[in-house]
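Scroll down for the structure; my scribbles are underneath it.
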Amino acid sequence: MLVTPLPPPAKRLVLFVADGLRADALYELDEDGNSRAPFIRNVIMHEGSWGVSHTRVPTESRPGHVALIAGFYEDVSAVAKGWKENPVEFDSLFNESKYTWSWGSPDILPMFAKGASGDHVYTYSYDAQREDFGAHDATKLDTWVFDKVKDFFDAARNNQSLFSIVNEEKVVFFLHLLGIDTNGHAHRPSSREYKDNIKKVDDGVKEIVSIFKHFYEDDGKTAFIFTSDHGMTDWGSHGAGHPSETLTPFVTWGAGIKFPQNVSAQQYEDEFLKEWRLENWKRQDINQADIAPLMASLIGVPFPLNSVGILPVGYLNNTGLFKAESMFTNAVQILEQFKVKMTQKKEATLPFLFTPFKLLSDSQQLDILRKARSYIKQEKFDDVVSLCEELIDLALRGLSYYHTYDRLFLGISVAVGFVGWTSYASLLIIKSHSDIPRGTRREGKKPHHLLPCSFIVAGVLVACFLMIQACPWTYYVYCLLPVPIWYAVLKEREVIQALVESLLAFPLSRFVAYLLVFTLGIEVLVLSFFYRYMLTAGLIVFAGWPFLTQLWTRAKITCLSWAFFSLLLAVFPLMPVVGRKPDLSLVMGAGLLVLLLSLAVLATLVKRKLNLVKDELLVLLLQVLSTVLSMYVVYSTHHSLLKKEGLPLLNQIVSWATLASSLVVPLLSPTALWQRLTSILLSLMSTYLLLSTGYEALFPLVLSCLMFVWIHVEQETLQQSGVSCKQKLASIQFTYNTDITQFRQLCLDDIRRAFFLVFFLLTAFFGTGNIASINSFDLASVYCFLTVFSPFMMGALMMWKILIPFVLVMCAFEAVQITTQLSSKGLFLVVLVISDIMALHFFFLVKDSGSWLDIGTSISHYVIVMSMTIFLVFLNGLAQLLTTKKLQLCGKPKSHLM
């Protein structure tokens, strides 16, 4: 643990973190040309230094505070703890301080006290229930903090032991102000509430600064820092890498900080200085992790152990020697991390396979450190600073090099496993679900013992190689998994042989054409993750597809309906994902369309014989009532929150009851194909309306209409291909158990059906937003259910909103399987092959450099496609349950209800 060997400029540090405050919101002037934060602006012009702090993705409160206070960018695994718990214990500025007092949110403060050695970190936080997005006034969260700090200093004046420890050196005071973030989520950053909260915080900071000056008799030994953990998008969310989320304010003044510097020109290319009218005051931008070493050097404590921040010497108002020594300490601290990483990797790698980081050998390290020491003696302080910056840059690159040391080796292992798995799934389809191997299969061949033996030997050799290198258990999974997979592939020699023979007999031009179409289809699916308009392009192609086949001659109305709904659905991916204002009229419109649909269903029921219909009518009336209630709840909740009256309890009860009943009510309806599907749609739509804020309320309706037409289309194409269809759609029951002999073998057209399924699932995924980005979630969509901040509950509700279109697609697909007499296992394997080929694509597209938005997006794309197959198993089960199960009302037989 290294400390700069010179007395620090400050005895104490006050850190203000205004959670969710954007840089532009603080620095810009309002319509009248006045600042929203006059005190902070006065500091920039007359007392201290300022700049923009650049944060990293994920722009959430916990990772932001870890970067600020511990100096490193936290691992994504913290999301599994809701950004609240410590997945890994870490060192922080608070831990290195002599005492730290902190006031604020219960989500943030405990994590720094928990990781601290000893009990010198004191936390005071309010009750979690106060973090209510629907509350009358979220600024109370900040006034609570300011009041508690005032009470603390009043108590310190009357308590001798507290007075003496507050007056010690290396002391930190941390004020976490959550009001701005809460108001931003509830009302958006453009709102009056958000802007008024900034003024409240500015007044509070001014008051606290005067309390410190008065308490410490203006001894000039207090350093102040005002910053934010992350920004916020225009639509009131954060988590991704948009500039509105990653640009945060940074203002510092007091002991050891440079006074304002007037300049005529600055090197920043953006237009912010002009917009903020701060062109003449020197702006110094920093990375968020650089704040931790700055705070450590100001009060003279060791730099946090895992910090990768680089000391921004431009902020320091001190001697050249102090700056040089501080920078030298910073370089040695980061170099130490590099050495530890190198030693760990060296010990775990066979000597002849180890390749060290060439740009920073042991001799080069000593060389640079010696040179820096001699420059300090010669008082060439600027040279020391630039030399240390160079050393830090090399050490950080070296850290990254050792962190990704095994990337190529692991990448090849994973790719080999992928290719093997896809090959095996393809062979399984050909073997069990097609006619190819039937005629050419040879019987009576004894299995070779050579093949299993050679694979066992290969597995043992790989395991020994990993054991010698003391690799973690995950390496065994990546490297050993391909062995049994490829054994299973090569064991199917006869199927491979039969496949090759049938391919050789297949016309080459047709084979190439099919291959091109398949490849193009996969590429469209992959591109749709990056460009939503690819879904639109795909749907336009779908709209024209029936007209190129004989389907048009057989079923003109079906084809026209298919084209109409495909084009209607194609509009949704072109709509803006986020940044839209809530539009209640569209939600109400969707509700009215649902009611019209209910009337249409009622009319068809009435046309039929009226026997056995009582329970059906009751279920339908229940669903109509549920839709009406949902429309009322959405409307009244919206107006209640606008008036700042919070979420009415009755609305909350109705919302949760609707959600709970939406999966039960469809089970009361008859299992006839059309009736059950419309019942599922009506039930799920009432929940979807509660979770909607705009045009997306119409999405499940249009999607369902297309799904209904799809069922018709598939039956028509099946009859066209000559397979006898014994039943009419109107008479098909979901409980109709298809006998195993009625399953037909897969044909080429079934690959198209599987492709359609994957395409429709992706349309359900990206149709109304890009789920691969955290910030595309609008918190306003869960306000009918809860307004108090609860990441997991809110996340679960958002997830259900995303799942509803999926469930609709899967239920329709269940109907397609029954009408086309398809084995779901065979089709599932085709989907598996398609998603695996996509996953291999995304595996090579995963990034760990460049913009943080790109990195996060590339990882989430890969995870989405990887989990697609597991997800499909779950969805398939849910769809089967919703379509085939039948509950009786009051447990009576149907005949009693005549």
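Computed over heavy atoms, backbone and side chain alike; hydrogens, waters and symmetry mates excluded.
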Legend entry - Plane angle bin for His861 and Phe842 - parallel if under 30°, tilted between 30 and 60°, otherwise perpendicular: tilted
With a cut-off of 3.5 Å and sequence neighbours excluded, list every side-chain donor-acceptor pair involving residues 504-518.
residue	atom	partner	partner atom	Å
Arg510	NH2	Tyr514	OH	3.2

Inset, instruction - Look at the rings of Phe760 and Phe756 and say which category their plane angle falls in: under 30° parallel, 30 to 60° tilted, over 60° perpendicular. - result: perpendicular
Inset, instruction - Using ring pair (Phe, Tyr, Trp, His ring centres under 6.0 Å) as the criterion, list what pairs up with Phe828, not counting sequence neighbours. - result: none
Inset, instruction - Please name all residues satisfying side chain to side chain contact (heavy atoms under 4.5 Å, CB included) with Asp750, sequence neighbours left out, ordered by chain then number. - result: Arg744, Leu746, Cys747, Arg753, Leu822
Please table the atom pairs, donor to acceptor, closer than 3.5 Å between any side-chain atom in residues 459-467 and protein atoms at least two apart or in another chain.
none

Inset, instruction - Would you list the pairs meeting side-chain hydrogen bond (donor to acceptor under 3.5 Å, both in side chains) in which at least one residue belongs to residues 516-527, sequence neighbours left out? - result: Glu523-His841
Side-chain atoms of residues 409-425: list all donor-acceptor pairs with protein atoms under 3.5 Å, sequence neighbours left out, distances to 0.1 Å.
residue	atom	partner	partner atom	Å
Ser413	OG	Phe409	O	3.1
Trp421	NE1	Asp836	OD2	2.8
Thr422	OG1	Phe418	O	2.8
Ser423	OG	Val419	O	2.6

Inset, instruction - Flag the pair Leu481 / Trp486 as yes when at least one side-chain heavy-atom distance between them is below 4.5 Å, and no otherwise. - result: no
Donor-acceptor contacts under 3.5 Å from residues 533-548 side chains, at least two apart:
residue	atom	partner	partner atom	Å
Thr536	OG1	Ala570	O	2.9

Inset, instruction - Return yes if some donor-acceptor pair links the side-chain N/O of Ser432 with the main-chain N/O of Ile429 below 3.5 Å, else return no. - result: no
Inset, instruction - Applying ring pair (Phe, Tyr, Trp, His ring centres under 6.0 Å), name anything that partners Tyr688, two or more places apart in sequence or on another chain. - result: none
Inset, instruction - Kindly write out the residues that satisfy ring pair (Phe, Tyr, Trp, His ring centres under 6.0 Å) with Tyr862, not counting sequence neighbours, or none if the list is empty. - result: Phe843
Legend entry - Residue pairs passing the side-chain hydrogen bond (donor to acceptor under 3.5 Å, both in side chains) test where at least one lies in residues 659-669, sequence neighbours excluded: Ser662-Thr687, Ser669-Arg676, Ser669-Ser679
Inset, instruction - List for me each residue that meets ring pair (Phe, Tyr, Trp, His ring centres under 6.0 Å) alongside Tyr487, sequence neighbours excluded, and say none if there are none. - result: Phe455
Legend entry - Sequence-distant partners of Tyr475, side-chain hydrogen bond (donor to acceptor under 3.5 Å, both in side chains), two or more places apart: Asp406
